[in-house]
Amino acid sequence: MSLCYQTHFNPVAVKPSASRRPPKRFLVCNLSVPTSAALEADPAPIFTSVKTFAPATVANLGPGYDCFGCAVDGLGDHVTLRVDSATRAGQISISEIDGFGDSGTRLSKDPLWNCAGIAAIAVMKKLGVRSVGLSISLQKGLPLGSGLGSSAASAAAAAVAVNEIFGRRLGVQELVEAGLESEAKVSGYHADNIAPAIMGGFVLIRSYEPLKLCPLKFPDDKDLFFVLVNPEFEAPTKKMRAVLPKEVGMSHIVWNCSQALALGAAVIQGDVRELGSAMSSDRIVEPRRAPLIPGFESVKRAALEAGAYGCTISGAGPTAVAVVDDEELGLAVGAKMVEAFMKDGSLMASAVVKRLDRVGARLVSSVV
């Protein structure tokens with residue numbers, strides 16, 4: 001296993017140290033450092049309960065299909081995890097699901113068929129937990145099938161919760177691997193949501209076999225805002241993946257490779273204008289998915305005409321995401337995108353303007 005990184009980071013820290021020297025803005029790959037220390041058998045919990053949060057994510061960002069994503073501040077899921085004597089030792093139960101819309105009735109409480117449950121079980125297996133039973137309460141802050149990484153947020157919050165309750169024994173890569181088991185079961189084996197949900201910021205998935213994760217640091221002194229416009233329309237990930245082409249022409253491959261490289265460079269340089277231009281330039285995935293989202297082409301055009309630097313489909317959709325470097329401009333762009341969804345897609349939509357989440361999944365509270 002390997003981890004590519006720019007700076008040391010803690011996936012559950014709330015804020016970085018104020019005395020830490022600013023990181024250099026280039027990518028360093030460390031392919032030899034282990035991601036966690038050797039684990040003792042059957043660890044004991046250090047808390048009786050913990051509460052965690054994992055943010056929404058924007059995957060693909062245009063040309064970065066299945067290999068690029070970022071976390072969005074202020075939106076996401078919460079998990080409360082408790083040591084539960086009523087749950088069989090070594091197992092997970094789900095006691096409650098509530099939150100956004102009809103999540104509580106649509107999501108299964110069977111941990112083998114729930115994103116949070118699957119990820120939690122995977123972490124327990126990695127830790128070798130056999131003598132303690134745990135129960136999960138899931139608070140959904142994200143709509144299902146929105147293109148904002150709803151399943152990944154649940155999985156990330158649960159994975160981090162189990163790791164926290166046993167003393168934070170696993171490293172980032174193991175947590176992403178656990179979350180990937182969940183993603184593989186519900187939407188496909190892709191890490192462009194789960195990796196940024198756990199790690200925060202922008203993350204490049206360099207490879208899957210073996211899994212190599214490369215965080216890309218967006219400069220702290222640069223402003224970046226995401227305009228997220230979610231229509232009242234559901235686009236299941238499996239359905240949206242099914243429309244993708246089985247074969248792609250060489251000219252489109254070359255074009256998308258160049259745009260993906262430009263996207264990564266723009267992130268490191270903090271160039272929002274170039275970031276937007278690159279994310280708007282996908283010639284492989286967006287053209288196939290856009291026709292399935294009523295009014296999307298008009299929404300994208302409205303965003304660019306209103307001053308956004310770029311616009312594309314967030315993940316599998318239907319949420320449209322635009323980028324700007326000014327919050328007030330973002331609000332104006334969002335209003336125009338909402339109008340376009342209604343005018344040309346006959347869809348009600350809501351818009352929010354959010355910053356980049358630089359922390360990722362983290363501990364919110366704990367009880368000893």
Side-chain angles (χ1 to χ4, degrees), residues 55-62 65 69-70 72 74-77 99-107 140-154 186-188 192-193 225-244 276 279-324 327-354:
T57 48
V58 174
N60 302 339
L61 290 158
Y65 177 73
C70 66
V72 178
L75 299 172
D77 290 357
F100 199 98
D102 57 355
S103 301
T105 57
R106 292 183 57 188
L107 295 178
K140 291 295 298 178
L142 295 173
L144 307 180
S146 61
L148 292 172
S150 179
S151 63
S154 296
V186 301
S187 61
D192 47 348
N193 287 115
F225 294 91
F226 298 94
V227 184
L228 302 167
V229 181
N230 178 233
E232 293 183 354
F233 178 80
E234 191 169 325
T237 300
K238 287 185 177 181
K239 176 181 177 181
M240 299 301 277
R241 292 176 78 88
V243 302
L244 301 182
M279 68 181 269
S280 296
S281 301
D282 173 34
R283 291 184 179 177
I284 297 174
V285 177
E286 183 183 305
R288 293 298 187 99
R289 288 176 167 173
L292 302 183
I293 303 173
F296 174 78
E297 293 293 350
S298 295
V299 171
K300 181 173 183 175
R301 185 166 54 252
L304 298 177
E305 291 175 352
Y309 294 133
C311 180
T312 189
I313 301 169
S314 177
T319 295
V321 55
V323 292
V324 296
E327 187 173 13
E328 187 172 339
L329 173 60
L331 293 172
V333 168
K336 292 296 184 181
M337 294 169 71
V338 169
E339 289 179 9
F341 259 127
M342 175 54 71
K343 180 180 178 182
D344 295 308
S346 298
L347 293 174
M348 295 285 291
S350 59
V352 294
V353 180
K354 298 293 182 180

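Minimum interatomic distance between G334 and V227 (heavy atoms only, all atoms of both residues): CA-CG1, 3.5 Å. The minimum heavy-atom distance between M240 and L292, with the atom names listed, is SD-CD1, 3.8 Å. Considering every non-hydrogen atom in both L304 and G310, the closest pair reads CD2-CA, 3.7 Å. Taking each heavy atom of R289 and A316 in turn, the nearest pair found is NH1-CA, 3.5 Å. Across every non-hydrogen atom of V338 and S350, the tightest pair is CG2-C, 4.2 Å. A pairwise comparison of heavy atoms in L61 and V58 identifies CD2-CG1, 3.7 Å as the closest pair.
Atoms OG and CG, from S314 and N193 in turn, are 7.5 Å apart once rounded to the nearest 0.5 Å. With rounding to the nearest 0.5 angstrom, the CG atom of L107 is 7.0 Å from the OG atom of S154. Interatomic distance, R288 CZ to R283 CZ, rounded to the nearest 0.5 Å: 15.0 Å.
Contact of the D77 side chain with the P55 side chain is not registered, since no non-hydrogen atoms from C-beta on lie closer than 4.5 Å. Between F341 and V229 the shortest side-chain heavy-atom distance falls below 4.5 Å. Within the 4.5 Å cutoff, the side chain of N230 has heavy atoms near those of the P143 side chain.
Checked for salt-bridge contact, R301 and E339 miss the test: no charged N lies under 4.0 Å from a carboxylate O.
Judged by distance alone, with hydrogens and angles left aside, the side-chain atoms of S146 form a donor-acceptor pair with the main-chain N or O of L148 at under 3.5 Å. Using a distance-only test at 3.5 Å, with no hydrogens or angles considered, no donor-acceptor pair links the side chain of N60 to the main chain of G62. Panel note: side chain D344, backbone S298; no donor-acceptor pair is recorded below 3.5 Å. Using a distance-only test at 3.5 Å, with no hydrogens or angles considered, no donor-acceptor pair links the side chain of T319 to the main chain of L228. Of the possible polar contacts, one joining the K140 side chain to the S150 backbone as a donor-acceptor pair under 3.5 Å is found. Side chain of K300 to main chain of S280: a donor-acceptor pair is present (N/O by atom type, distance under 3.5 Å, no hydrogens or angles).
Other residues, nucleotides and ligands contribute at most 12 non-hydrogen atoms within 6.0 Å of the CE atom of M348.
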Exercise for review: Any chance you could lay out the side chain to side chain contact (heavy atoms under 4.5 Å, CB included) test for L347 and M342, step after step, and finish with the verdict?
Suggested key: CA-CA 5 Å; L347 293 174; M342 175 54 71; over 6 Å; no

Exercise for review: Take F296 and I313, measure what side chain to side chain contact (heavy atoms under 4.5 Å, CB included) needs, and give me the verdict at the end.
Suggested key: CA-CA 8 Å; F296 174 78; I313 301 169; 3.5 Å; yes

Review point. Which is it for F226 and C70 under the side chain to side chain contact (heavy atoms under 4.5 Å, CB included) test, yes or no, and what are the steps along the way?
Key: CA-CA 11 Å; F226 298 94; C70 66; 3.5 Å; yes

Practice item. Apply the test side chain to side chain contact (heavy atoms under 4.5 Å, CB included) to residues L142 and F100: give CA-CA distance (whole Å), side-chain angles for both, the deciding distance (0.1 Å), then the verdict. Key: CA-CA 6 Å; L142 295 173; F100 199 98; over 6 Å; no

